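Hydrogens, waters and symmetry mates are skipped; everything else that's a heavy atom, side chains included, is used. Remember, predicted model here, so these are calculated numbers, not experimental data.
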Protein chains: 2
Amino acid sequence: MKKIALIEDDADLYSLLEYNLQKEGYTVVGAQTGKGAVELFRRERPDLIILDIMLPDSDGLEICKRVRAHPDLAHIPILFLTARASETDRILGLELGGNDYIVKPFFVRELIARVRVHFREPANGASVLKVGDLELDRPRRQVRLRGRPVALTATEFRLLEYLMSRPGVVFTRDQLLDAVWGHDRAVTDRTVDVYILRLRQKLEDDPANPSFLRSVRGFGYSFAEQTAAPAEV
Amino acid sequence: MKKIALIEDDADLYSLLEYNLQKEGYTVVGAQTGKGAVELFRRERPDLIILDIMLPDSDGLEICKRVRAHPDLAHIPILFLTARASETDRILGLELGGNDYIVKPFFVRELIARVRVHFREPANGASVLKVGDLELDRPRRQVRLRGRPVALTATEFRLLEYLMSRPGVVFTRDQLLDAVWGHDRAVTDRTVDVYILRLRQKLEDDPANPSFLRSVRGFGYSFAEQTAAPAEV
DNA sequence: GGCACCGGTTACGGAACTGTGACAGGGTAA
DNA sequence: TTACCCTGTCACAGTTCCGTAACCGGTGCC
């Protein structure tokens, strides 16, 4: 499901972590060198990065800085793994953009637990999303419009769920494909358009004048923040 | 700015942390007992909770569980602070809903750094740029002037975003073309002029006397640093 | 004062983008 | 097996947006 990039030069430790992460259900990509790490990230788009600081050929902190400077990678959590235990080292790692800092030696199961913390849903919000007349009931996998259930297919539901989880935020087609279809997608971005169309036909009173699913020309789509806000000229 | 709830029974440690957190600019609310902690959270709605596990009158893990079960508090990050260092203790704390687990003794500045990680904007700069009356909301792809949304096209938005991200800095037309249109551009530099014009028409009260988008004759354009600074004669 | 240069403005054709209907392939249930 | 539904793609059309050329007025240099 989730993809983790692992950069660790110690072959034994690499294998140990790879094995344990895979046992937890994560996909592991990685390398035992720091060279080409950023290129690896760009290619693989991991959901989290586990990064050794002291690598034989390069510096983990430097890699971290480059990740944070790259617009498409900057959001990825980085978990440092290092023998450097001093106060300044710890602070430096966290200040430079690290999201966690684990000092060797460490408990493998604690590392796993910390990885899971990063993937844990922020318990963000109720299990029922509600915007205007529209309700999305996660546990029941049901969408209600003015109380009436609307039949959605699986993909339609996931797309709507993602858009409704952050009302007002505009997503590009690529972001939606990543979030709804998954990283290993083999899908045209125009597919998103078609699903937006289908959702509009099912949800909007007047599909030609959408009040829920807004197009943002040149960028992508968003779920309208307020149900009100009539289209001004 | 941000409010932190601190639950720690050791009076010396409590004072030390309170002092250091306040020095960092955080508001600190808290108690040296576990009783009434959840009520405190409900009343104060902190942005983050620092929680000792071994309290004389109650159990920090229990408090954590109750926070996670409360719909209005469930999203608040919890940072455990404890002398329990065993593998199972660490895993338990993280599994039960903790976002971080710090073992005593610890470096105060590391704790501060970890707190800051939780408040850090997802890296690449602020998500809302603000200059005077003008706001550029990146996730919403929206520009607001005195609170009123202004409709911009994709290219207008990108150009404004770039200029606003470095207020006061003057860019040549070539720099703007590189940054906004991309290196492989096949565009005349006069195109920039036209977009500046269009932005002025949409943003400036008096397009003939621009207060946001300044021309710098012979060089290029810049976004005015301060909204004030009336045009002196 | 004349002249070259620079930036502001307008209008227009073409490119790019989105909405939409139709369709093929695959999976599933009766 | 058959029929249906879901999924993803394509092609076409309408609309919007983009970029350019051209014209204009102002500025500063000589």
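Using the six-membered ring where Trp is involved, A/Phe223 and A/Phe212 have ring planes that are parallel, under 30° apart on the 30 and 60° scheme. By the 30° and 60° cut-offs, the orientation of the rings of A/Phe219 relative to B/Phe157 is perpendicular.
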- [ ] Let me have a per-nucleotide readout for nucleotides 9-16 of chain C, 5' to 3', with B, S or -, counting only protein heavy atoms under 4.0 Å.
- [x] BBB----B
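Distances shown here put a side-chain N or O of A/Ser215 below 4.0 Å from the OP1 or OP2 atom of C/dG19. Residue A/Thr191 places at least one side-chain N or O closer than 4.0 Å to OP1 or OP2 of D/dT9. For the pair A/Tyr195 and C/dT18, the criterion of a side-chain N or O lying under 4.0 Å from OP1 or OP2 is not met. Under 4.0 angstrom from either OP1 or OP2 of D/dT7 there lies no side-chain N or O belonging to A/Trp181. For the pair B/Thr153 and D/dC17, the criterion of a side-chain N or O lying under 4.0 Å from OP1 or OP2 is not met.
In this entry the distance linking CZ of A/Phe219 with C1' of D/dC18 reads 14 Å, nearest Å. Note: CG (B/Leu199) to P (C/dG8) measures 12 Å, nearest angstrom. Look at CG on A/Asp189: it is 18 Å from P on D/dT7, rounded to the nearest Å. Atom CD of B/Glu156 and atom P of D/dC17 are 8 Å apart (whole Å). What separates CZ of A/Phe157 from P of D/dT7 is a distance of 13 Å, to the nearest Å. The distance between atom CZ of A/Arg158 and atom C1' of D/dG8, rounded to the nearest whole Å, is 13 Å. If you take CG of B/Leu152 and C1' of D/dC17, they are 13 Å apart, rounded to a whole angstrom. Rounded to whole Å, the distance from CD on A/Glu204 to C1' on C/dT20 is 16 Å.
Using a 4.0 Å cut-off between a side-chain N of Lys or Arg and a carboxylate O of Asp or Glu, B/Arg146 and B/Asp205 qualify as a salt bridge. Ion pairing between a basic and an acidic side chain is recognised when a charged N comes within 4.0 Å of a carboxylate O; A/Glu8 and A/Lys104 show such pairing. Using a 4.0 Å cut-off between charged nitrogen and carboxylate oxygen, A/Arg144 and A/Asp137 count as a salt-bridge pair. The pair A/Glu156-A/Arg198 does not count as a salt bridge, with every side-chain nitrogen at least 4.0 angstrom from each carboxylate oxygen. We find that B/Asp100 and A/Arg114 are joined by a salt bridge, their nearest charged nitrogen and carboxylate oxygen being less than 4.0 Å apart.
Near DNA chain D, defined here as any heavy-atom distance below 4.0 Å, there are no residues from residues 164-176 of chain B.
For B/Trp181 and B/Tyr195, the ring centers sit closer than 6.0 Å to each other.
Side-chain contact check for A/Ser165 and A/Arg138: no donor-acceptor pair (N or O, by modelled atom type) lies under 3.5 Å.
The number of heavy atoms from other shown groups lying within 6.0 Å of CZ (A/Arg173) is above 12. Atom CZ of B/Arg166 has more than 12 neighbouring heavy atoms from other residues, nucleotides or ligands inside a 6.0 Å radius.
Using a 4.0 Å heavy-atom criterion, one finds that B/Thr155 contacts the sugar-phosphate atoms exclusively.
A distance of 4.5 Å separates CD1 of A/Ile49 from CD1 of A/Ile78, quoted to the nearest 0.5 Å.
Rounded to 10°, the angle separating the first-five-pair axis and the last-five-pair axis of the helix from C/dG1-D/dC30 to C/dA30-D/dT1 equals 20°.
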